[in-house]
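Every value quoted in this text rests on a predicted model; they were computed, and no experiment measured them.
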Amino acid sequence: MSHGFEDARLPTHIEVSGLIRQAQAAGGFATVLQSGERDAGTLGILTTHSGKNTMFWERMPQLDGTRRFQATRTQDIENAREFDDYIRRRMDQDPDLWILELDGPEMERLIDSDPR
């Protein structure tokens with residue numbers, strides 16, 4: 001049962017630290033491309049595997065009032081600049097935004113779609 005806004009959300013810096021550890025434990029690596037607001041910043045996640053199959057994930061509102069990660073952009077190899085421009089615009093629009101890159105096989109499985 002959902003009560004609207006999730007009070008139990010982890011502070012962003014702790015969520016980022018956990019994802020970094022999970023990526024490393026899975027044989028990949030993680031890089032913070034931009035640090036946002038320590039506790040309540042928005043988190044955007046880039047997943048890639050050696051520069052291939054790159055996707056950008058953001059928490060999006062769901063019909064039940066929760067927010068879950070969804071891939072909002074997928075990099076088109078033939079037009080990588082469009083993807084990079086989108087990420088740059090998101091960084092410029094939201095100074096509280098964290099951008100975390102997870103690089104390794106199947107990094108998207110680390111992204112918890114559970115809204116808590």
- [ ] Evaluate the salt bridge (Lys or Arg N to Asp or Glu O under 4.0 Å) criterion for residues D85 and R88: first the C-alpha distance (whole Å), next the side-chain angles of each, then the deciding distance (0.1 Å), finally the verdict.
- [x] CA-CA 5 Å; D85 287 346; R88 197 170 299 107; 2.9 Å; yes
Open item on the list: E15 vs R21, test: salt bridge (Lys or Arg N to Asp or Glu O under 4.0 Å). Steps then yes/no.
Closed with: CA-CA 10 Å; E15 185 175 13; R21 282 192 301 278; over 6 Å; no
Open item on the list: Assess the residue pair F29 and I20 against the criterion (side chain to side chain contact (heavy atoms under 4.5 Å, CB included)); give the C-alpha distance rounded to whole Å, side-chain angles, the decisive distance to 0.1 Å, and a yes or no.
Closed with: CA-CA 7 Å; F29 68 93; I20 290 170; over 6 Å; no
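In summary, the side chains of W98 and T42 do not present any donor paired with an acceptor at a separation below 3.5 Å, with no hydrogens or angles considered. A donor-acceptor contact closer than 3.5 angstrom is absent between the side chains of T31 and E101.
Within the model, atoms CG of L43 and CD of Q34 stand 11.5 Å from one another, a figure rounded to the nearest 0.5 Å. One finds the CG atom of D76 at 11.0 Å from the CZ atom of F83 (value rounded to the nearest 0.5 Å). Residue M107 holds its CE atom at 10.5 Å from CG of L19, rounded to the nearest 0.5 Å. To the nearest 0.5 Å, the span separating CD on Q70 from CD on E58 amounts to 10.0 Å.
A chain of hydrophobic side-chain contacts below 4.5 Å, direct or via other Ile, Leu, Val, Met, Phe, Trp or Tyr residues, connects L100 to I111. Cluster membership check: M55 shares its hydrophobic cluster with L102, using side-chain heavy-atom separations under 4.5 Å among Ile, Leu, Val, Met, Phe, Trp and Tyr. F69 and L46 fall into different hydrophobic clusters, defined by Ile, Leu, Val, Met, Phe, Trp and Tyr side-chain heavy atoms under 4.5 Å apart, directly or through other members. Cluster annotation: F56 and L33 are assigned to the same hydrophobic cluster (Ile/Leu/Val/Met/Phe/Trp/Tyr, side-chain heavy-atom contacts under 4.5 Å, transitive). At a threshold of 4.5 Å between side-chain heavy atoms, the hydrophobic network of Ile, Leu, Val, Met, Phe, Trp and Tyr places L97 and V16 in two separate groups.
Between the T66 side chain and the Q62 main chain, no donor and acceptor come within less than 3.5 Å of each other. At least one donor-acceptor pair under 3.5 Å links the side chain of E37 to the backbone N or O of D39. A donor-acceptor pair is defined here as one N or O able to donate and one able to accept, closer than 3.5 Å; no such pair exists between the side chain of T54 and the backbone of Q75.
For the side-chain contact (heavy atoms from CB on, under 4.5 Å) criterion with I87, the lone passing option out of M91, R89, R90 is M91.
Taking the ring centre of Y86 as origin, the terminal cationic atom of R73 falls inside the region bounded by 6.0 Å and 45° from the ring axis.
Residue-environment remark: CD (Q93) exceeds the threshold of 12 foreign heavy atoms within 6.0 Å. For E82, the CD atom is loosely surrounded, since the number of other residues' heavy atoms within 6.0 Å does not exceed 12. Environment of CG in N53: sparse, with no more than 12 heavy atoms of neighbouring residues, nucleotides or ligands closer than 6.0 Å.
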